[in-house]
2 protein chains.
Amino acid sequence: MNEHQTRLEEVIAKLRANGHRLTPQRMAVLKVLVRDREHLNVEQIYEHVKADFPMTSLATIYKTVNVLKEMGEVMELGFHDDCARFDGNPCPHPHLICINCKKIMDIDIDDLDELPREVARRKGYQIISHRFEFYGICPRCQETSN
Amino acid sequence: MNEHQTRLEEVIAKLRANGHRLTPQRMAVLKVLVRDREHLNVEQIYEHVKADFPMTSLATIYKTVNVLKEMGEVMELGFHDDCARFDGNPCPHPHLICINCKKIMDIDIDDLDELPREVARRKGYQIISHRFEFYGICPRCQETSN
DNA sequence: TTACTAGAGGAAAATGATTATCTATTAGTA
DNA sequence: TACTAATAGATAATCATTTTCCTCTAGTAA
């Protein structure tokens with residue numbers, strides 16, 4: 001799971017450059033979000049961090065995640081029926097979400113990149129970001145419900 | 001602003017068919033959401049309803065909106081940095097959102113309807129719904145910031 | 001290595017949106 | 001016109017998230 005080791009180091013460097021510190025708790029958050037690229041909520045990140053640092057407070061996770069968000073190194077995905085999930089890849093990209101087990105995965109769809117530009121042109125908006133999500137039932141959950 | 005008068009009447013009929021009642025407060029909520037198709041949050045709906053019925057409680061708006069949501073006649077759009085907005089058109093459709101003035105408008109994009117089916121085929125998911133949103137700055141807000 | 005200091009952590013209180021509760025009221029029906 | 005279950009209104013409760021306040025420590029410089 002060392003896929004995004006390089007970006008992990010970049011984020012750490014940027015953290016320091018912005019006058020922030022690299023604490024063990026922060027390192028643990030970065031590992032699970034930026035390096036392992038899991039799409040977790042704060043409670044789930046908290047569980048991961050507590051495995052290594054049992055004294056950790058939930059507030060610390062919230063603070064860390066907000067620092068990363070403000071630096072633009074992490075993206076927040078808010079939902080109506082659930083708490084927010086965080087993505088270590090801050091560039092907008094489509095997601096596929098199982099409404100049963102709540103798993104979130106990235107998907108590649110080629111034609112989509114052109115869309116924001118077209119909307120900007122047609123509507124006169126200055127497009128900053130976008131959000132493409134598909135909600136459904138993943139293969140595993142389809143099986144277990146039968 | 002009588003664009004969606006027919007659907008307003010359909011929703012009222014369905015409300016009654018489901019054993020619900022049509023109260024003046026509910027009628028006011030339906031008018032602003034289903035007939036006028038504004039994309040409002042609960043507080044904004046509350047203000048509209050209070051104009052006609054000053055005694056209305058915020059809790060009533062929440063309850064009404066939840067009844068409509070459970071009946072599938074209204075769609076909820078949750079955001080990370082703001083409270084939920086409601087859309088009187090429950091069929092998934094793309095939105096264009098100004099991050100400055102928070103205005104939400106519907107947009108037409110032809111090619112998008114095929115996408116959920118393609119994702120379903122490629123990933124083995126049973127796609128139930130989707131969400132396409134573009135975030136940017138509307139022409140009016142671009143002017144005022146200069 | 002040590003000392004310094006601003007940033008960070010921990011615990012708990014505060015906040016704010018949303019939901020639940022509990023009567024009094026009323027829409028729809030007989 | 002009366003009946004009754006659904007609804008309104010007021011308020012308390014809930015839950016995710018933020019803030020506060022004080023102690024601790026990462027990073028730096030002597």
Side-chain angles (χ1 to χ4, degrees), chain A residues 9 11-30 33 39-71 73-86 102, chain B residues 9 11-30 33 39-71 73-86 102:
Chain A
E9 283 155 23
V11 174
I12 291 171
K14 187 166 175 183
L15 205 62
R16 289 213 164 96
N18 285 27
H20 293 293
R21 290 180 187 165
L22 183 63
T23 63
Q25 296 91 331
R26 262 181 199 173
M27 189 62 190
V29 173
L30 286 173
L33 276 188
H39 300 82
L40 305 180
N41 64 32
V42 169
E43 197 73 39
Q44 293 167 325
I45 299 171
Y46 179 50
E47 293 306 323
H48 273 268
V49 177
K50 267 208 298 190
D52 288 331
F53 307 98
M55 301 303 287
T56 305
S57 162
L58 191 57
T60 297
I61 311 296
Y62 274 104
K63 286 172 192 163
T64 297
V65 140
N66 279 332
V67 166
L68 294 171
K69 207 174 63 180
E70 276 157 31
M71 290 186 353
E73 299 301 319
V74 141
M75 177 169 55
E76 183 175 0
L77 298 169
F79 296 102
H80 30 105
D81 55 349
D82 207 353
C83 45
R85 302 280 282 268
F86 290 87
K102 308 290 182 186
Chain B
E9 281 156 24
V11 173
I12 291 172
K14 187 166 176 184
L15 204 64
R16 290 213 163 97
N18 285 27
H20 292 293
R21 291 179 187 165
L22 183 64
T23 63
Q25 295 90 330
R26 261 182 198 171
M27 190 62 190
V29 173
L30 286 173
L33 276 188
H39 300 82
L40 303 181
N41 65 33
V42 170
E43 197 73 38
Q44 293 167 325
I45 300 170
Y46 180 49
E47 293 306 321
H48 272 268
V49 177
K50 268 208 300 191
D52 288 331
F53 306 97
M55 301 303 287
T56 305
S57 163
L58 192 56
T60 297
I61 311 296
Y62 274 103
K63 288 173 194 159
T64 298
V65 142
N66 279 332
V67 165
L68 293 172
K69 206 174 63 181
E70 277 158 30
M71 290 189 351
E73 299 302 319
V74 142
M75 178 167 56
E76 183 175 0
L77 298 169
F79 297 102
H80 29 106
D81 56 347
D82 207 354
C83 46
R85 302 280 282 267
F86 290 87
K102 309 291 183 185

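Every chain is numbered from 1 and lettered A, B, ... according to where its sequence line falls, protein lines coming before strand lines.
Picking from C:dT18, D:dT7, C:dA8 the nucleotide with the shortest atom distance to the side chain of B:V42 gives C:dT18. Nearest to the side chain of B:T60, among C:dG28, C:dG9, D:dA8, sits D:dA8. Considering only side-chain atoms of B:L22, the nucleotide from D:dA8, C:dG28, C:dG9 that sits closest is C:dG28.
Not a single donor-acceptor contact under 3.5 angstrom links the side-chain atoms of A:K63 to the base of C:dG7.
Distance, A:R26 CZ to D:dC24 P: 19 Å, rounded to whole Å. A:K69 has its NZ atom 12 Å from the C1' atom of D:dA16, to the nearest Å. Spacing between atom CD of B:E70 and atom P of D:dT7 amounts to 11 Å, rounded to whole angstrom units. In this structure, A:F53 places its CZ atom 14 Å from C1' of D:dT25, rounding to the nearest Å. Nucleotide D:dT7 holds its P atom 14 Å from the CD1 atom of B:I61, rounded to whole Å. Distance B:M27 CE to C:dA27 C1': 15 Å, rounded to the nearest Å. The distance between atom CD of B:Q25 and atom P of D:dA10, rounded to the nearest whole Å, is 11 Å. Rounded to whole Å, atom C1' of D:dT17 lies 10 Å from atom CZ of A:F86.
B:E43 comes within 4.0 angstrom of nothing in the nucleic acid, heavy atoms only.
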Distances under 3.5 Å between protein N/O atoms and the N/O atoms of nucleotides 24-26 of chain C, please, pair by pair.
| from | atom 1 | to | atom 2 | distance (Å) |
| --- | --- | --- | --- | --- |
| C:dT26 | O2 | B:R21 | NH1 | 3.1 |

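A sub-4.0 Å separation between OP1 or OP2 of D:dT18 and a side-chain N or O of A:N66 is present. Proximity of B:T23 to the phosphate of C:dA27: no side-chain N or O atom is located under 4.0 Å from OP1 or OP2. Within the structure, a side-chain polar atom (N or O) of A:Y62 is placed less than 4.0 Å from OP1 or OP2 of D:dT17.
Put simply, the side chain of A:K69 never gets that close to the backbone of A:E76: no donor and acceptor are under 3.5 Å apart. Between the side chain of B:R85 and the backbone N or O of B:K102, at least one donor-acceptor pair lies under 3.5 Å.
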